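Heavy-atom basis, side chains included; hydrogens, waters and symmetry copies ignored. This structure is a prediction, so every number in the text was calculated from the model and none was measured.
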Amino acid sequence: MGPIQPIAEQLDENIRLLQNIFTMTPDLVIRTFESTFVEGPVALVYLSGLVDKSSINNNMLRPLLNPGEHTSTSIFDLLSVGAVSTVYDFGAVEEEILQGSSVLFVEGRTEALVAETHGWPQRAVEDPQLEASLKGAHQGFVETDIQNIALIRRYIPNRELKIKQFRIGARGRGKISVMYMDDIINPDVLKELEDRIKMIDIDAVINTGELEELIEDNPWSPFPQFVLTERPDSVASHLLQGRIAVIVDRSPSVLVGPTTFASFFQNVDDYSTRWPVATFIRLLRYLAFLVATFLPATYIALVSFNYEVIPIDLILSVGESRERVPFPPMLEAMLMELTLEMLREAGVRLPAPIGQTVGIVGGIVIGNAVVQAGVVSNIMVIVVAFTAIASFIIPNYDMASALRLLRFVMMGLAAMFGVVGIIIGLMTLIGHLISLESLGVPYGSPLAPTRFSDWKDLFVRLPLWNMKNRPLSARARQTKRQGDNRPQGDGQ
């Protein structure tokens, strides 16, 4: 990249430089015309697919071509688009044009006017695909950061809601917005996140998943260290707890941090359901975590090594089921688990009607066929099916994916060492979770380190009026979340 070229006074020279910069760019529009409002010709430059042409016609071309209708004395006032700024070199001009702005060059001026006329194709706000809600709002994020910020602002119309924006990427400079509550957020946590974002040196950040991998504390861990959500109400709830949201332009999901292991078992529906029911569902999720991680491994360990702990009636049933199966339990389990993973991926990637067909064919036809052929046992089919259902209960997709990998590790340990291997795997898992951090916050909090005040929203979800403080794991500067919201019926 050569030295930055300043804008010349001659319009022809500016157009020539633009044509040198944007070679082989058929969607670049350079419209030159005369306006009685200014002396000499002017040129309007933009990329046709990234702008709102009705805004250009009504708010820029019409006032410039018919300035007699207006009483303005400044060209800034004449242009009636949302925002107009000034740039002085072609580095800024290039970036603004590529971001969807329109740039106006005037003969005899060494600056250019930049008008916000963004208007790229975008979809409407729809129901989130990965985070279905029963009682919550049915609005999900889209691929435009301005709309995503507006969706969050609808929940927190407060002046303390602040946004810092960064431009990241050497070839595709994308906009990254850091959103937080200024009077709640811990400044050390905020600075840590900003420093990590500023240090990114990459061609382009395409989506939030890439950004997460670049800024997380431990990139070698299978566990997610930021909550990735598609729901603005979920982001608003996290912001009010003292966390930070990171919005990546062009991505329909938002990163939230710092987070803990328990955060991935909470759902926004928990707080719109009566607390005993919400507690029951949350305990069910933790049970599903144990089942999805350890059930196939436990089956392998008990059948291969520790069959003496199985009741005699049950072991006879298992033996009868495995009578015709020629493979050891480990190979049998791997075969079924890998088949399930392939069916899951096929169902996700294919169009919805075909994906459902693949699920039916895989689940019913292949399941029955392999049992009748004596490839796997009935018991193994039941174990794998129960494990699959348990993994679907985990509300966060990234956490559920991590458990899918962990399950294979546990199966390998169980095949080598039996129950002892599972215990070794469990202790290693606990140690790993305790050692993890998210933006410097312990991942195992509030269990390790123990913070009893946060247990009100851990395994159980106590009534909202009982949770008066923000979670300590968020390291919020202002801990009080609410006052006494428990009226006794007589106004007391």
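With hydrogens and angles ignored, the 3.5 Å screen pairs a side-chain donor or acceptor of Trp455 with a backbone N or O of Pro446. Between the side chain of Gln482 and the backbone N or O of Met467, at least one donor-acceptor pair lies under 3.5 Å. Glu210 contributes a side-chain N or O that, together with a main-chain N or O of Ile206, makes up a donor-acceptor pair within less than 3.5 Å. Side chain of Asp145 to main chain of Ile176: no donor-acceptor pair is present (N/O by atom type, distance under 3.5 Å, no hydrogens or angles). Remark: the backbone N or O of Leu462 is not paired with any side-chain donor or acceptor of Asp457 at under 3.5 angstrom. Side chain of Ser221 to backbone of Phe223: a donor-acceptor contact under 3.5 angstrom is found. Side-chain atoms of Asp398 never come within 3.5 Å of backbone atoms of Pro224 as a donor-acceptor pair (strictly under, hydrogens ignored). Between the side chain of Arg470 and the backbone N or O of Ile184 there is no donor-acceptor pair closer than 3.5 Å. Formation of a donor-acceptor pair under 3.5 Å by the Ser101 side chain with backbone atoms of Ile97 is not found in this model. In this structure, the side chain of Ser401 does not engage the main chain of Met399 through any donor-acceptor pair within 3.5 Å.
Counted by atom type alone, His138 and Ser133 present zero donor-acceptor pairs between their side chains at under 3.5 Å. One side chain, Ser445 or Arg451, offers a donor N or O that lies under 3.5 Å from an acceptor on the other. Looking only at atom types and distance, the side chain of Thr229 has a donor-acceptor partner in the side chain of Glu131 under 3.5 Å away. Between Tyr46 and Asp52, the side chains place no donor N or O within less than 3.5 Å of an acceptor N or O (distance only, hydrogens not considered). Side-chain atoms of Ser177 and Gln165 include a donor-acceptor pair closer than 3.5 Å. Residues Thr259 and Ser438 bring no donor and acceptor atom of their side chains to less than 3.5 Å of each other. Inspection of the Ser234 and Ser237 side chains reveals no N or O donor paired with an N or O acceptor under 3.5 Å. A donor-acceptor pair shorter than 3.5 Å can be found between the side chains of Ser102 and Thr117.
In this structure, OG in Ser253 is found 7.0 Å from CG in Asn207, a value given to the nearest 0.5 Å. Distance check, rounded to the nearest 0.5 Å: OG1 of Thr208 to CD of Glu230 gives 9.0 Å. In this structure, Gln147 CD and Asp249 CG are separated by 10.5 Å, a value rounded to the nearest 0.5 Å. For the atom pair Leu79 CG and Leu104 CG, the distance stands at 6.5 Å (nearest 0.5 Å). Note that OG of Ser35 and CD of Glu107 are 13.5 Å apart. Values are rounded to the nearest 0.5 Å. With rounding to the nearest 0.5 angstrom, the CD1 atom of Ile146 is 10.0 Å from the CZ atom of Arg153.
What you find for Asn469 and Lys480 is that their closest heavy atoms are OD1-CA, 3.7 Å. When all heavy atoms are compared, the tightest approach of Leu239 to Met181 is O-CG, 3.5 Å. Closest approach of Pro442 to Ala448, counting heavy atoms only: CB-O, 4.2 Å. For Ala204 against Gly172, the heavy-atom pair with the smallest separation is CB-O, 3.6 Å. The minimum heavy-atom distance between Arg243 and Pro471, with the atom names listed, is NH2-CG, 4.3 Å. Shortest non-hydrogen contact noted between Gly174 and Arg250 is CA-NH2, 3.2 Å.
Residues satisfying the salt bridge (Lys or Arg N to Asp or Glu O under 4.0 Å) test with Lys191, not counting sequence neighbours, are Asp195.
Under a cut-off of 6.0 angstrom, the local environment of CG in Asp27 is crowded, with over 12 non-hydrogen atoms contributed by other residues, nucleotides or ligands. Dense packing is recorded around NZ of Lys162, with more than 12 heavy atoms of other residues, nucleotides or ligands lying under 6.0 Å away. More than 12 heavy atoms of other residues, nucleotides or ligands sit less than 6.0 Å from atom CZ of Arg16.
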If you apply the rule side chain to side chain contact (heavy atoms under 4.5 Å, CB included), what do you find for Leu161 with Met179, and how did you get there? CA-CA 7 Å; Leu161 183 62; Met179 181 178 273; 3.6 Å; yes

Stepwise side-chain hydrogen bond (donor to acceptor under 3.5 Å, both in side chains) check, Asn59 with Ser55: CA-CA 5 Å; Asn59 304 324; Ser55 175; 3.2 Å; yes

Do Thr293 and Met410 pass the side chain to side chain contact (heavy atoms under 4.5 Å, CB included) test, and can you show the C-alpha distance, the side-chain angles, and the key distance before you say yes or no? CA-CA 7 Å; Thr293 309; Met410 293 299 171; 4.2 Å; yes

Using the side chain to side chain contact (heavy atoms under 4.5 Å, CB included) rule, take Glu337 and Thr387 through it: C-alpha gap first, then chi angles, then the decisive distance, then the call. CA-CA 9 Å; Glu337 287 290 346; Thr387 305; 4.2 Å; yes

Intermediate values then yes/no, side chain to side chain contact (heavy atoms under 4.5 Å, CB included), Leu28 and Val45: CA-CA 7 Å; Leu28 180 72; Val45 185; 3.7 Å; yes

What do the steps show when you test Asp217 against Arg196 for salt bridge (Lys or Arg N to Asp or Glu O under 4.0 Å), and what is the final call? CA-CA 10 Å; Asp217 292 64; Arg196 294 185 190 186; 3.0 Å; yes

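For the pair Leu98/Leu47, a side-chain contact is recorded, criterion being any heavy-atom separation below 4.5 Å from C-beta on. Val142 has its side chain out of reach of Pro252: every pair of non-hydrogen atoms, C-beta onward, lies at least 4.5 Å apart. Inter-residue side-chain proximity for Lys164 and Tyr180 is flagged as met; some heavy-atom pair is nearer than 4.5 Å. At least one side-chain heavy atom of Phe105 sits under 4.5 Å from a side-chain heavy atom of Leu18. Inter-residue side-chain proximity for Ser48 and Lys53 is flagged as met; some heavy-atom pair is nearer than 4.5 Å. Between Leu403 and Arg407 there is no side-chain heavy-atom pair separated by less than 4.5 Å. The closest side-chain heavy-atom distance from Glu94 to Phe22 is below 4.5 Å. At least one side-chain heavy atom of Met60 sits under 4.5 Å from a side-chain heavy atom of Leu44.
Of the options Gln99, Glu96, Glu95, a side-chain contact (heavy atoms from CB on, under 4.5 Å) to Val114 is made by Glu96 and by none of the others.
Under a 4.0 Å N-O distance rule, the pair Asp269/Arg231 does not qualify as a salt bridge. Looking at Arg159 and Asp183, no side-chain N of the basic residue comes within less than 4.0 Å of a carboxylate O on the acidic one, giving no salt bridge. Between Asp270 and Arg461, no side-chain nitrogen of the basic residue sits less than 4.0 Å from a carboxylate oxygen of the acidic one, so the salt-bridge criterion is not met. Ionic pairing of Glu341 and Arg404 is present here: one or more N-O contacts between side-chain nitrogen and carboxylate oxygen are shorter than 4.0 angstrom.
Ring-centre distance between Phe261 and Phe289: below the 6.0 Å cut-off.
Within the cation-pi definition used here (under 6.0 Å to the ring centroid, within 45° of the axis), Arg31 qualifies as a partner of Phe33.
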